[in-house]
Amino acid sequence: MKNVLNNLTKVNIKEFQDDLITWFKNEQRDLPWRKDQDPYKVWVSEIMLQQTRVDTVIPYFNRFIEWFPTIETLAEANEDKVLKAWEGLGYYSRVRNLHSAVKEVKVKYDGVVPNTPKEISTLKGVGPYTAGAILSIAYGVPEPAVDGNVMRVLSRILSIWEDIAKPSSRKVFEQAVRELISHEEPSEFNQALMELGALICTPTSPSCMLCPVREHCHAFHEGVQTELPIKSQKNKQREVQLAAVVLANEKGDLLIHKRPESGLLANLWEFPNLEINHPIQNNRDQITRLFEQDLSLNLHLDKMIGQVEHVFSHLIWKIKVYTGMISTDFTESQEWKFVSLDHTDDYALPVFTQKILKLYQEYKKE
DNA sequence: TAATCGTGGTT
DNA sequence: TAACCAAGATT
């Protein structure tokens, strides 16, 4: 650790803080979660921003705060509505954990987000980054909030050649922040590091000539700013073959199924589907039998109307989409519903399901 | 530690 | 177009 951070002793910390924070106060973006320092809103924004772009988050954040303006309202909401508010954002366990944690804050902390590292870190979905972000931004506590931006910025400023893709590297950058952070303005300091990473110290072509802390930056002085940070590459996605079926009843309502409460897309809704990874499971009769065996759906597949591809972070789904008919004695249950497309307010539909729906609607036009 | 967990924009 | 990227947490 000492060796990796040996450039820390060469930084004029006071000047660095001042240059960074002054720039932030002048250049920061006007974002909806910066209108006040309500710990609940800071919390919601930080969860939404995990692995998600600012431009994507803004409309989701505004609508979420409209629907659930306080800890109390979110705690009282039912999960289907909460998931619907997250529909399309991805990483859905984030909002299920947030919902659970907000309920805990309501009963255990009398509705007040805790302001100590130990307590806030026990909340579901609140890891090291989010704990530091809420504590510093909402409460002014000088804790590190190390995200991808901070690792990139500090790897350049301090010329740190650790692999930032390794989980163990985060503690190196946390230690650096503990040395550098302003105890007078920890909120501005942490946000400034991230804002600098987002606007100036970008991954591929950093705008060093516009950088307010250029003179403090070891990578700039050595001309290696585009070689940092070091980040090892991830494995590529595994490909999975699926079959899905769109089943309409007499009214034109479509059959959807609630996914399991854990794992991928937990508790979201989908058109009936299953894996068909064996080559032998590739014709219509075989797939019909699989729906009967695996899902207890007694149905007739009409025709294959097209294919849908959907890319996850670790999977690629290639889905053959069928239309079909289901036996008249089928009955609805908690996990199986016929729904009108005009009344899906209580059913969060992930993007792959919406791709199937679009294919089906185009097919119906003809 | 390495996998899992989404989606859409950028290079 | 394929790879990469974006304010990570959990298991």
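Just so it is clear: chains get the letters A, B, ... in the order the sequence lines come, proteins before strands, and each one is counted from 1.
- Taking the six-membered ring for Trp, A:Phe312 and A:Trp317 have ring centres closer than 6.0 Å.
- C:dA7 and B:dA3: their P atoms are spaced 23 Å apart (whole Å).
- Look at the C1' atom in both B:dT1 and C:dA9: the space between them is 15 Å, to the nearest Å.
- In this structure, A:Arg170 atom CZ and C:dG8 atom C1' are separated by 9 Å, rounded to whole Å.
- In terms of polar N and O atoms assigned as donor or acceptor, the side chain of A:Arg53 comes within less than 3.5 Å of the base of C:dC5 in a complementary pairing.
- Rounded to a whole Å, the CD atom of A:Gln237 is 13 Å from the P atom of B:dC5.
- Not a single donor-acceptor contact under 3.5 angstrom links the side-chain atoms of A:Thr56 to the base of B:dG9.
- Using a 4.0 Å heavy-atom cutoff across all strands shown, A:Trp33 reaches at least one base atom of the nucleic acid.
- Residue A:His314 places no side-chain N or O under 4.0 Å from the OP1 or OP2 atom of B:dG6.
- For B:dT4 and C:dA6, the P atoms lie 22 Å apart once the distance is rounded to whole Å.
- If you check every strand for non-hydrogen atoms under 4.0 Å, A:Arg152 touches sugar and phosphate atoms only.
- Within the nucleic acid shown, A:Gly88 comes within 4.0 Å of sugar-phosphate atoms alone, with no base atom in reach, counting heavy atoms only.
- Using modelled atom types and a 3.5 Å distance limit, the side chains of A:His314 and A:Gln237 yield no donor-acceptor pair.
- The side chain to side chain contact (heavy atoms under 4.5 Å, CB included) test with A:Trp43 is passed by exactly one of A:Ile137, A:Ile134, A:Asp38, A:Ile120: A:Ile134.
- Judged by closest nucleotide on DNA chain B, A:Ser169 is the one of A:Tyr92 and A:Ser169 placed further toward the 5' end.
- With ring centers used as reference points, A:Phe220 lies 6.0 Å or more from A:His218.
- If you check every strand for non-hydrogen atoms under 4.0 Å, A:Lys124 touches sugar and phosphate atoms only.
- Applying the 4.0 Å criterion to OP1 and OP2 of C:dG8, one finds that A:Gln51 has a side-chain N or O inside that range.
- One can place CD of A:Glu174 at 14 Å from P of C:dG8, the figure rounded to the nearest angstrom.
- Within 4.0 Å of A:Arg259, counting heavy atoms only, lies no atom of the nucleic acid at all.
- A sub-4.0 Å separation between OP1 or OP2 of C:dA6 and a side-chain N or O of A:Tyr91 is absent.
- Applying the 4.0 Å criterion to OP1 and OP2 of B:dC5, one finds that A:Arg96 has every side-chain N and O outside that range.
- A straight line from CZ of A:Arg238 to C1' of B:dA3 spans 11 Å, rounded to a whole angstrom.
- Among the atoms of the strands shown, none is found under 4.0 Å from any heavy atom of A:Ser45.
- Among the protein residues, A:Asn235 comes within range of the sugar-phosphate backbone only, with heavy atoms under 4.0 Å from sugar or phosphate atoms but none that close to a base.
- Residue contacts shown for A:Leu265 are limited to sugar-phosphate atoms, with no base heavy atom under 4.0 Å away.
- Atom CG in A:Asp147 sits roughly 15 Å away from atom P in C:dC5 (whole-Å rounding).
- If you check B:dT7, C:dC5, C:dG8 against the side chain of A:Tyr129, the one that comes closest is C:dG8.
- Nucleic acid contact class of A:Leu31 (heavy atoms, under 4.0 Å, all strands): base.
- Among the atoms of the strands shown, only primed sugar atoms or phosphate atoms (P, OP1, OP2) are found under 4.0 Å from some heavy atom of A:Val126.
- Note: A:Tyr347 and A:Trp269 have perpendicular aromatic rings, judged against thresholds of 30 and 60 degrees for the angle between ring planes.
- For A:Leu49, whose side chain is taken as the heavy atoms from C-beta onward, the closest listed nucleotide among B:dC5, C:dC5, C:dA7 is C:dA7.
- Closest to the side chain of A:Val54, from the set B:dA2, C:dA7, C:dC5, is C:dA7.
- A:Ser168 comes within 4.0 angstrom of sugar-phosphate atoms only, judged by non-hydrogen atoms across all strands, and of no base.
- A:Thr130 contributes no side-chain N or O that forms a donor-acceptor pair with the base of C:dG8 under 3.5 Å.
- The side chain of A:Gln50 lies closest to C:dG8, out of C:dA7, C:dG8, B:dC5.
- Between A:Glu270 atom CD and B:dG6 atom C1' there is a gap of 15 Å when expressed in whole angstrom units.
- Nucleotide B:dG6 holds its P atom 15 Å from the CG atom of A:Leu349, rounded to whole Å.
- Stacking of A:Lys258 on the aromatic ring of A:Trp336 is not recorded, the 6.0 Å distance cut-off and the 45° axial limit not both being met.
- Residues A:Gln191 and A:Ser187 have side chains that bring a donor and an acceptor to within less than 3.5 angstrom of each other.
- A salt bridge links A:Arg34 with A:Glu195; the closest basic N to acidic carboxylate O contact falls under 4.0 Å.
- A:Met194 has its CE atom 20 Å from the P atom of C:dC5, to the nearest Å.
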